[in-house]
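Each remark here refers to the structure printed beneath this line.
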Amino acid sequence: MERLRKITSIFLILIGFTCLFSCSSQKQYRRISIDEYRSKMKAGWLGQMAGVGWGAPTEFDYNGMIIPAKDVPVWKPEMINQHYQDDIYVEMTFLKTLEEYGFDVSIRQAGIDFANSRYMLWHANKNGRQNLRSGIAPPYSGYPNYNRHADDIDYQIEADYSGLISPALPQTVIELGEKFGRLMNYGDGLYGGMFVGGMYASAFFETDIHKIIEDGLNCIPAESQYAEAIRDVIRWHKENPKDWKKTWHLIENKYNLNPNYRRYSCSGTDPSFNIDAKINGAYIVTGLLYGNGDMDSTIIISMRCGQDSDCNPSNAGGILATSLGLENLPDKFKTGIDDTTKFSYTAYNFPALINVCEKLSREAVIRSGGKIEKKSGTEYYVIPKQVPTPIPLEQCWTPVEISEDVHFTEQEMAGILYRTRKPEEFVDVWQVSGPFSKKGVKGIDLIDMQFSPENNDKFSDWKKLPVGESGLRPEEIDFDKYFGEENCAVYLRTNVWSDENQKVIFELGSDDGIKVWVNGRLVHRNNAERAHEPGQDFVNVQFEKGWNNILMKITQGVGGWACSLVITDLDHNALKDLKYKL
């Protein structure tokens with residue numbers, strides 16, 4: 001009998017261990033059908049597009065102030081299609097790199113691919129890409145030692161992809177941030193993207209916004225100012241659960257007006273402009289907490305906080321939409337989608353974007369130790385639980401010392417097609433005429449409106465443009481500083497000598513539209529509304545032996561106004577020692 005009791009006890013103990021192991025194993029994995037994953041991922045992209053489209057008319061028009069309710073744009077169906085927004089298209093470059101090279105791609109290859117992107121960029125993105133094109137390899141392209149915008153919002157606005165392809169995989173989000181976020185950001189600027197990506201990864205399984213935010217916080221160093229900002233908003237929401245405007249004022253006082261939290265803002269302590277990641281991240285969370293799970297309220301509150309009032313609702317809207325899934329998304333955000341147009345300078349239209357994200361998510365799950373099961377014709381992701389390990393604390397105002405070579409090798413540089421030109425390679429001998437305008441006509445409508453310099457051979461009102469003075473650098477001739485006008489156009493002309501008949505390439509950049517004539521023949525027209533980047537347009541041009549006349553027209557809407565020209569051979573080598581005359 002005693003022997004039987006011992007055997008029974010051992011048996012029960014074994015059963016207990018088996019049950020404990022089994023239950024523990026079940027808790028270590030999460031399951032989601034690929035159909036449900038795809039629904040949530042697609043909703044995440046639509047939420048981004050809705051947020052940025054709805055908020056775009058207000059971007060940086062309300063800084064250090066709440067957008068009045070009467071000034072919130074009315075939703076229009078066409079706002080869902082955002083193929084030309086940097087809040088959306090930059091992510092496509094990262095996805096393409098992962099598609100071609102896999103998750104183990106080197107950060108240097110990621111940098112080469114980003115250097116070869118052709119879309120418009122600003123702030124940390126623009127400076128990071130310029131660093132890469134000039135030979136500064138990542139991660140140094142995003143270091144504050146070389147990038148004064150390293151704490152800006154940029155990776156935060158484009159990190160959505162990292163969570164959308166990493167369902168419940170926060171460590172994968174961190175790894176992607178270390179690879180792609182470092183191309184342009186550092187410190188809090190980098191943490192913003194990891195935080196956003198972590199929230200997306202959580203949103204595939206969580207509906208509680210507080211839990212989603214906490215999961216995002218677990219992806220970044222707790223002692224960072226960025227994490228402090230998010231914890232502040234959580235606390236202020238608890239203290240003022242019905243009054244988001246009171247929380248907004250608390251954010252304003254600490255993260256806009258207090259210089260201790262503007263220690264690496266690219267605009268210094270100017271309260272009228274703050275593109276720092278921390279304050280804009282606080283606005284994302286404000287929208288999520290006070291939106292109470294409603295798409296309209298979440299987007300509008302994030303928007304009304306001001307500053308970068310299209311990027312922030314884009315992140316907030318995308319995270320909430322991922323949690324809701326496509327079937328729970330309001331109809332107005334999932335109708336009228338343009339399925340054919342490709343996102344600016346990318347390989348993807350909307351259906352292709354959804355497909356590549358599913359493809360990469362499959363790889364992410366397998367790579368993390370998970371698997372794909374098929375039951376009754378339905379595929380499921382079986383995803384291992386990941387506990388994220390944040391990267392060590394770093395701060396832009398006290399960056400690490402660099403003791404190694406920060407440059408690409410010659411072989412790597414051979415893969416960069418669009419390089420930052422040296423100042424002496426730009427055409428810097430110009431005469432200028434203008435500005436010209438017509439009452440009531442916007443800059444974009446002036447491109448084909450003929451003014452005297454292009455239709456009167458005897459027109460003589462030209463003056464030398466003082467390149468090298470008044471802020472007019474040859475690599476970016478800044479008409480905004482020189483003229484300070486809006487909704488107008490200016491003309492430039494010069495003459496260049498060619499020793500022979502030859503084909504050359506014009507590498508052109510313009511803000512905004514541009515038309516170019518060579519020897520009286522129109523060779524280029526691009527009625528763009530864009531920020532200036534050298535080499536935005538490549539044009540094949542025929543030079544005749546002798547003097548060749550170049551005439552350019554640059555239109556201006558509002559904001560920046562600039563242009564540049566480099567003349568190269570057919571291999572994009574800048575032609576040196578060219579002779580010019582006016």
Side-chain angles (χ1 to χ4, degrees), residues 28-45 47-48 88 90-105 107 110 155-183 190-207 211-220 284 315 318-325 348 353-372 379-391:
Q28 291 179 357
Y29 288 87
R30 286 176 162 178
R31 292 167 58 87
I32 185 173
S33 73
I34 294 182
D35 288 341
E36 184 180 359
Y37 160 77
R38 190 177 174 94
S39 165
K40 287 177 170 287
M41 177 264 291
K42 186 175 182 179
W45 283 110
Q48 285 186 72
I88 306 293
V90 176
E91 302 173 61
M92 315 297 174
T93 299
F94 308 154
L95 292 171
K96 186 64 175 174
T97 295
L98 291 170
E99 183 183 16
E100 290 193 2
Y101 300 99
F103 281 81
D104 293 324
V105 62
I107 188 174
Y155 187 59
Q156 179 168 287
I157 71 175
E158 60 215 23
D160 313 67
Y161 81 98
S162 66
L164 287 170
I165 64 173
S166 308
L169 295 172
Q171 191 61 38
T172 302
V173 167
I174 294 171
E175 292 170 6
L176 290 170
E178 283 280 72
K179 195 158 294 185
F180 295 100
R182 288 207 179 275
L183 302 181
L190 178 61
Y191 302 149
M194 293 176 172
F195 171 65
V196 165
M199 287 194 287
Y200 271 100
S202 173
F204 283 97
F205 288 91
E206 292 292 343
T207 57
K211 182 63 168 64
I212 289 172
I213 294 169
E214 288 295 337
D215 286 345
L217 270 176
N218 289 334
C219 294
I220 64 176
I284 295 170
N315 290 135
I319 291 162
L320 178 58
T322 303
S323 178
L324 293 173
Y348 307 116
L353 171 65
I354 302 307
N355 289 338
V356 75
C357 285
E358 180 188 328
K359 173 181 180 292
L360 291 172
S361 71
R362 290 172 177 264
E363 295 177 21
V365 169
I366 298 298
R367 184 173 178 270
S368 69
K371 58 184 178 179
I372 299 172
E379 288 186 302
Y380 293 86
Y381 286 149
V382 181
I383 305 169
K385 182 179 179 181
Q386 282 191 346
V387 178
T389 302
I391 63 174

Rounded to the nearest 0.5 Å, the CD1 atom of Ile383 sits from the OG atom of Ser166 at a distance of 9.5 Å
To the nearest 0.5 Å, atom CG of Asn355 lies from atom NZ of Lys42 at 9.5 Å
request  = Check whether any side-chain N or O of Ser361 sits under 3.5 Å from a backbone N or O of Glu358 as a donor-acceptor pair, and report yes or no.
outcome  = yes
side-chain contact (heavy atoms from CB on, under 4.5 Å) test vs Ile165 passes for just one of Asp160, Thr172, Val365, Leu176, namely Leu176
| task | For the residue pair Leu183 and Ile107, establish whether any side-chain heavy-atom pair is separated by less than 4.5 Å. | result | yes
Scanning both residues in full, the closest heavy-atom pair of Gln171 with Val387 reads OE1-O, 4.0 Å
Here the pair of heavy atoms bringing Cys357 nearest to Trp45 is SG-NE1, 3.4 Å
Are more than 12 heavy atoms from other residues, nucleotides or ligands located less than 6.0 Å from atom NZ of Lys371? no
- Does Glu91 reach the main-chain N or O of Tyr161 with its side chain, forming a donor-acceptor pair under 3.5 Å? yes
So, the side chain of Ser323 versus the backbone of Ile319: is there a donor-acceptor pair under 3.5 Å, distance only? no
ring-ring contact (aromatic ring centres under 6.0 Å, His included) filter on Phe195, not counting sequence neighbours, yields Tyr226
Q. Between Thr97 and Lys179, is a side chain to side chain contact (heavy atoms under 4.5 Å, CB included) present by the stated rule, with each step listed?
A. CA-CA 11 Å; Thr97 295; Lys179 195 158 294 185; over 6 Å; no
For Ile220 and Tyr191 the tightest heavy-atom approach is CG2-O, 3.4 Å
Interatomic distance, NZ@Lys211 vs CD@Glu206, rounded to 0.5 Å, equals 4.5 Å
Residues pairing under salt bridge (Lys or Arg N to Asp or Glu O under 4.0 Å) where one sits in residues 166-178, two or more places apart or in two chains, turn out to be Glu175-Arg367, Glu178-Arg182
#### Entry: Whether Lys40 side chain and Thr322 backbone form a donor-acceptor pair below 3.5 Å
yes
Gly369 and Pro384 have their tightest heavy-atom pair at C-CG, 3.9 Å
Q.
Can you confirm whether Asp215 sits close enough to Met199 that some side-chain heavy atom of one is under 4.5 Å from a side-chain heavy atom of the other?
A. no
To the nearest 0.5 Å, atom OG of Ser162 lies from atom CG of Leu95 at 9.5 Å
Rounding to 0.5 Å, atoms CZ (Phe180) and OH (Tyr155) come to a distance of 8.0 Å
Check: Asp35 and Arg38 side chains under 4.5 Å, non-hydrogen atoms: no
Heavy-atom nearest pair, Ala159 first then Gly193, reads CB-O, 3.2 Å
Carefully, step by step, assess Leu360 and Glu363 under the rule side chain to side chain contact (heavy atoms under 4.5 Å, CB included).
CA-CA 5 Å; Leu360 291 172; Glu363 295 177 21; 4.0 Å; yes
Those residues at least two apart in sequence (or on a different chain) that pass side chain to side chain contact (heavy atoms under 4.5 Å, CB included) with Cys219 are Pro170, Ile174, Pro388
Does the side chain to side chain contact (heavy atoms under 4.5 Å, CB included) test come out yes or no for Met41 and Phe204, once each step is laid out?
CA-CA 8 Å; Met41 177 264 291; Phe204 283 97; 4.2 Å; yes
### Task
Please confirm whether the backbone N or O of Val90 pairs with a side-chain atom of Glu158, one donor and one acceptor, at under 3.5 Å?
no
Closest non-hydrogen atoms of Ala201 and Val173, given as atom of the first, atom of the second and distance, are CB-CG2, 4.1 Å
Value for CZ (Arg31) from CZ (Phe205), rounded to nearest 0.5 Å, stands at 10.0 Å
Candidate pair Arg362 and Tyr381, rule side chain to side chain contact (heavy atoms under 4.5 Å, CB included), full reasoning:
CA-CA 8 Å; Arg362 290 172 177 264; Tyr381 286 149; 3.1 Å; yes
